[in-house]
Amino acid sequence: MERFKVQVLLSTYNGDKYIDDQMKSLLSQEDVELHIVIRDDGSTDGTMERLKIFIEQYPDRICISENENLGVVGSFFDLIGKASGGYDYYAFCDQDDVWNNDKLIRGISLINQMRPGQPLMYCSTTQMVDQYLNPLNIWPNSPEKPLSLYNALIENVCVGCTVLINEEALNMVRNKHPLNLENIIMHDWWIYLVVSTFGEVVFDSEPSILYRQHQSNALGGSTDDWMNKWKKRFKRFLKGQNHYILSNQAKEFMVVYAQEMNHEESNEIHKLIQTQQQNLFKRVIYIMMTPFYRQSTIDNLVFKMVLIAGKL
């Protein structure tokens, strides 16, 4: 039986402590023809030395390049630009997790249930673990509302290291590269936004990876209870750290994809962006009829408060 061809895009940076576990789990993927493209983002530890051991063992399955440090977003967009054509699916990978052996084939089986010939994306929950792989909790919660543009513009429900996309989705992202990466919050959020607008997204409530939590994580899930989580978010908001990041990304999305969008969707995004420049009364009126939403009730309430404050 012919196996699906999958290219894994892996960005590394000072990950020598856990990279062996991740690489072994990638090379143990079942029922797929797997090739791994690694971009090292300027590591200064032993990451490259660890990876070269795997390259010597699997020269036909792994290729790697050493590059200057661009940060997480820049590194993954560089990988997207260099991804090879001709694969059935493309997966994004972090350096410190452990994938279930059936992670890829499970995602493929769910994607294959959707309508072909359009951008398609799979993502899932994760089994959060500590640095020793002891289980913590499942994150994130499975979304209850539709995975559409009206969610994706203001909330990311797709954890990047669980994401699997088809070639149509890859080309949609690669052929319309953002003009200013500083406006992109994260690569996985951007991909979710693109695919939910022009294709379909499926979310798997069954965890597909062990998502390791440790002090060196660039970004990650939280083991905090809801009160501590919101205390941290509120402090960041007061410091101005999250001001305008949603509207800046929305503006970038309009610059890149406005010509491909239908009139209703582009008009709604335009109204959302424009509302931030209007007075308080008009923002209050708009929030009562906005089609945009976040998945949880409390997150949706906070979104409306931030929009009314004019800081979206």
Side-chain angles (χ1 to χ4, degrees), residues 73 76-77 80 92 118-123 140-160 162-163 165 169 172-173 175-203 219 233 236-237 241-278 282-312:
V73 175
F76 272 107
F77 269 99
I80 290 169
F92 295 87
Q118 61 174 333
L120 299 173
M121 175 179 179
Y122 162 93
C123 56
N141 294 327
S142 297
E144 298 181 359
K145 301 173 184 176
L147 302 182
S148 71
L149 161 67
Y150 298 107
N151 177 232
L153 198 78
I154 61 170
E155 179 183 24
N156 183 26
V157 301
C158 296
V159 181
T162 72
V163 167
I165 58 176
M172 192 82 194
V173 174
N175 296 341
K176 290 281 189 176
H177 195 281
L179 301 180
N180 185 356
L181 286 181
E182 292 184 2
N183 290 329
I184 309 303
I185 301 171
M186 279 296 289
H187 66 285
D188 51 1
W189 195 332
W190 184 260
I191 295 168
Y192 172 42
L193 182 52
V194 171
V195 179
S196 65
T197 302
F198 300 106
E200 292 184 66
V201 180
V202 61
F203 189 98
L219 289 171
R233 288 187 180 183
R236 289 198 299 268
F237 180 77
Q241 292 175 309
N242 292 338
H243 292 180
Y244 311 115
I245 60 173
L246 294 176
S247 56
N248 285 340
Q249 183 166 263
K251 291 175 185 175
E252 188 73 21
F253 188 70
M254 287 291 284
V255 169
V256 177
Y257 290 109
Q259 297 300 317
E260 282 77 23
M261 298 171 63
N262 65 48
H263 175 73
E264 178 184 349
E265 291 172 335
S266 62
N267 187 50
E268 288 295 348
I269 297 176
H270 178 72
K271 285 196 293 185
L272 179 69
I273 295 170
Q274 188 180 46
T275 299
Q276 292 300 284
Q277 310 302 320
Q278 296 176 338
K282 289 186 177 180
R283 292 199 298 270
V284 171
I285 294 298
Y286 173 78
I287 204 63
M288 297 172 66
M289 61 184 69
T290 180
F292 295 97
Y293 56 87
R294 293 173 69 97
Q295 292 292 332
S296 78
T297 301
I298 188 169
D299 282 358
N300 206 43
L301 177 61
V302 171
F303 153 62
K304 293 182 178 183
M305 292 171 62
V306 172
L307 193 149
I308 291 173
K311 303 293 185 180
L312 191 68

Side-chain ([X]) to main-chain ([Y]) donor-acceptor, under 3.5 angstrom:
X: N267; Y: H263; answer: no
X: Y286; Y: Q276; answer: no
X: W189; Y: A152; answer: yes
X: S247; Y: L312; answer: yes
X: Q249; Y: L153; answer: no
X: E252; Y: L179; answer: yes

Within a strict 4.5 Å, meaning less than it, do heavy atoms of the [X] and [Y] side chains meet?
X: I191; Y: I80; answer: yes
X: V159; Y: P140; answer: yes
X: I184; Y: F77; answer: yes
X: T162; Y: C123; answer: yes
X: V202; Y: M121; answer: no
X: S196; Y: N151; answer: no
X: M261; Y: F253; answer: yes

[X] [atom1] to [Y] [atom2] distance, which is reported to the nearest 0.5 Å:
X: M254; Y: H270; atom1: CE; atom2: NE2; answer: 7.5 Å
X: F292; Y: S148; atom1: CZ; atom2: OG; answer: 9.0 Å
X: L120; Y: E200; atom1: CG; atom2: CD; answer: 6.0 Å
X: N141; Y: S296; atom1: CG; atom2: OG; answer: 8.5 Å
X: I154; Y: L193; atom1: CD1; atom2: CG; answer: 11.0 Å

Might you work through the side-chain contact (heavy atoms from CB on, under 4.5 Å) test for Y192 and V163, ending with a clear yes or no?
CA-CA 9 Å; Y192 172 42; V163 167; over 6 Å; no

Minimum heavy-atom separation for Y150 to P291, with atom names?
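Taking every non-hydrogen atom into account, CB-O, 3.4 Å.
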
Measure across V256 and P178 and return the closest heavy-atom pair with its distance rounded to 0.1 Å.
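Closest approach of V256 to P178: CG2-CA, 3.9 Å.
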
Salt bridge (charged side-chain N to carboxylate O under 4.0 Å, His left out) pairs, two or more places apart, involving residues 175-196:
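Every pair satisfying salt bridge (charged side-chain N to carboxylate O under 4.0 Å, His left out) with a residue in residues 175-196: K176-E260.
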
Quick test of your reading: applying salt bridge (charged side-chain N to carboxylate O under 4.0 Å, His left out), list the pairs with at least one residue in residues 261-272, sequence neighbours left out, ordered by first then second residue.
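Sorted pair list: E268-K271.
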
Among I273, L272, I185, find the residue that satisfies the side-chain contact (heavy atoms from CB on, under 4.5 Å) test when tested with L246.
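With L246 as partner, I273, L272, I185 yield a single side-chain contact (heavy atoms from CB on, under 4.5 Å), made by I185.
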
Report yes or no: do E155 and Q295 form a side-chain donor-acceptor pair below 3.5 Å?
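Result is no, nothing qualifies.
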
With sequence neighbours left out, write down each residue that passes side-chain contact (heavy atoms from CB on, under 4.5 Å) with I287, or none if nothing qualifies.
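side-chain contact (heavy atoms from CB on, under 4.5 Å) check on I287 returns T290, F303, K304, L307, I308.
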
Is it the case that atom NZ in K282 sees more than 12 heavy atoms from other parts of the structure closer than 6.0 Å?
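For K282, atom NZ is not crowded (no more than 12 foreign heavy atoms under 6.0 Å).
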
Could you label the plane-to-plane angle of the Y257 and F198 rings as parallel, tilted or perpendicular, counting under 30° as parallel and over 60° as perpendicular?
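Rings of Y257 and F198: tilted, 30 to 60°.
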
Report the C-alpha separation of L149 and I269 in whole Å, then their side-chain angles, then the decisive distance to 0.1 Å, and conclude whether the side-chain contact (heavy atoms from CB on, under 4.5 Å) test is met.
CA-CA 9 Å; L149 161 67; I269 297 176; 4.0 Å; yes

